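Heads up, the thing below is written out as structure tokens.
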Amino acid sequence: MAEGMRGVMVGGDEEYMRMALGEASLAAQEGEVPIGAVVVYDPARDPASPHFVSPEAPRAALDTAPEPRVIARAHNRREHDEDPSAHAEFSAMLAAARELCHWRLSGCTVYVTLEPCLMCAGLMVNSRVDRCVFGAADPKGGALGSLYDLSCDGRLNHGFDVTRGVLAQECSQLLRDFFRERRAARRRG
């Protein structure tokens with residue numbers, strides 16, 4: 001594997017997306033739209049962390065920093081919780097903030113199986129995430145490139161990196177299968 005961003009190997013995105021797909025499968029088992037999310041924290045990229053390593057520091061300084069780790073996982077629970085904000089990535093970011101004991105999610109990457117909506121992309125801006133990685137694009141509601149792109153809107157006070165299409169086929173297939181089964185169940189009545 002080739003090295004990508006600090007501590008994450010190219011292919012690491014796929015590993016974390018597979019975890020998000022596992023969460024999405026749990027949502028489907030609960031009768032929820034199968035969307036899952038995982039938040040990975042890299043203390044070397046968080047200025048509030050005692051392990052923060054400045055981008056100008058020598059590369060060797062990163063060798064002593066702790067490795068990135070998963071700090072939150074969640075899946076869609078809107079129906080079960082009767083909560084319009086219970087999107088997978090929204091819930092995962094709330095759990096990550098509780099884990100870090102602060103609202104800023106600097107040093108965090110959010111992995112989500114479906115492109116975030118306006119609400120979730122807005123939370124990414126407001127919580128100051130470093131990066132979002134998503135699987136399937138959402139042409140009807142995506143706010144990180146499909147309909148809007150909140151990640152790089154210069155009018156906002158924060159921007160973040162976005163990686164699109166990681167395991168897109170698997171993420172899309174899970175959604176297609178779920179909705180196909182739902183339509184079939186309605187026809188069976």
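Only a predicted model underlies this, so the values are computations on that prediction, with no experimental measurement involved.
Checking each of Arg176, Arg186, Arg188, Arg187 against Glu181 for a salt bridge (Lys or Arg N to Asp or Glu O under 4.0 Å) leaves exactly one that passes, namely Arg188.
Salt bridge present: Asp13 and Arg131 bring a charged side-chain N and a carboxylate O closer than 4.0 Å. Ionic pairing of Glu23 and Arg77 is not present here: no N-O contact between side-chain nitrogen and carboxylate oxygen is shorter than 4.0 angstrom.
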Stepwise side-chain contact (heavy atoms from CB on, under 4.5 Å) test for Gln173 and Asp177: CA-CA 6 Å; Gln173 191 63 51; Asp177 291 348; 2.7 Å; yes

Working for salt bridge (charged side-chain N to carboxylate O under 4.0 Å, His left out), residues Arg164 and Glu115: CA-CA 8 Å; Arg164 297 164 175 82; Glu115 180 181 359; 5.8 Å; no

Derivation and outcome, side-chain contact (heavy atoms from CB on, under 4.5 Å), residues Cys171 and Leu114: CA-CA 7 Å; Cys171 294; Leu114 182 66; over 6 Å; no

Test side-chain contact (heavy atoms from CB on, under 4.5 Å) applied to Leu100 and Cys108, step by step: CA-CA 10 Å; Leu100 294 174; Cys108 289; 3.9 Å; yes

CA sep, side-chain torsions, deciding dist, call: Ser49, Tyr41, side-chain contact (heavy atoms from CB on, under 4.5 Å): CA-CA 11 Å; Ser49 167; Tyr41 175 63; 3.5 Å; yes

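Atom CZ of Phe52 sits in a crowded spot, with more than 12 heavy atoms from other residues, nucleotides or ligands closer than 6.0 Å. Heavy-atom contacts from other residues, nucleotides or ligands closer than 6.0 Å to NE2 of His102 number more than 12.
Cluster membership check: Val162 shares its hydrophobic cluster with Leu123, using side-chain heavy-atom separations under 4.5 Å among Ile, Leu, Val, Met, Phe, Trp and Tyr. Under a hydrophobic-cluster definition in which Ile, Leu, Val, Met, Phe, Trp and Tyr are linked whenever side-chain heavy atoms come within less than 4.5 Å, directly or via other members, Leu26 and Val70 are assigned to different clusters. With hydrophobic clusters built from ILVMFWY side chains whose heavy atoms lie under 4.5 angstrom apart, Met119 shares a cluster with Leu150. Val39 and Val133 are not part of a single hydrophobic cluster, where members link through side-chain heavy atoms under 4.5 Å apart. Leu144 and Tyr111 fall into different hydrophobic clusters, where Ile, Leu, Val, Met, Phe, Trp and Tyr residues are linked whenever their side-chain heavy atoms come under 4.5 Å apart, directly or through other members.
In terms of heavy-atom proximity, Asn157 sits nearest to Arg128 at ND2-NH2, 3.2 Å. Here the closest non-hydrogen pair linking Pro68 and Val40 is CB-CG1, 3.8 Å. Contact record, Met124 with His158: O-CD2, 4.0 Å, taken as the closest heavy-atom pair. Smallest separation of non-hydrogen atoms from Glu56 and Ser54: OE1-OG, 2.6 Å. Heavy atoms only, all atoms of each residue included: Ala44 and Ala65 are closest at CB-CB, 3.8 Å. Ala28 and Pro34 get closest at one heavy-atom pair: CB-CB, 3.9 Å.
Counting heavy atoms from C-beta on, the side chains of Pro116 and Cys132 come closer than 4.5 Å. The closest side-chain heavy-atom distance from Glu170 to Arg18 is below 4.5 Å. With a 4.5 Å cut-off on side-chain heavy atoms, Asn76 and His87 count as touching. Residues Val33 and Phe179 meet the side-chain proximity criterion, which asks for heavy atoms closer than 4.5 Å.
Rounding to the nearest 0.5 Å places CG of Leu94 at 7.0 Å from OG of Ser85. Rounded to the nearest 0.5 angstrom, Asp42 CG and Glu67 CD are separated by 7.5 Å. Summarising the geometry, atom CZ belonging to Arg45 is positioned 4.5 Å from atom CG belonging to Asp130; distances are rounded to the nearest 0.5 Å. Note that CD of Glu99 and CG of Leu105 are 11.5 Å apart. Values are rounded to the nearest 0.5 Å.
Of the possible donor and acceptor atoms, one in the side chain of Glu32 sits under 3.5 Å from a partner among the backbone N and O of Arg78. A donor-acceptor pair under 3.5 Å links the side-chain atoms of Thr113 to the main chain of Gly36, judged by distance alone.
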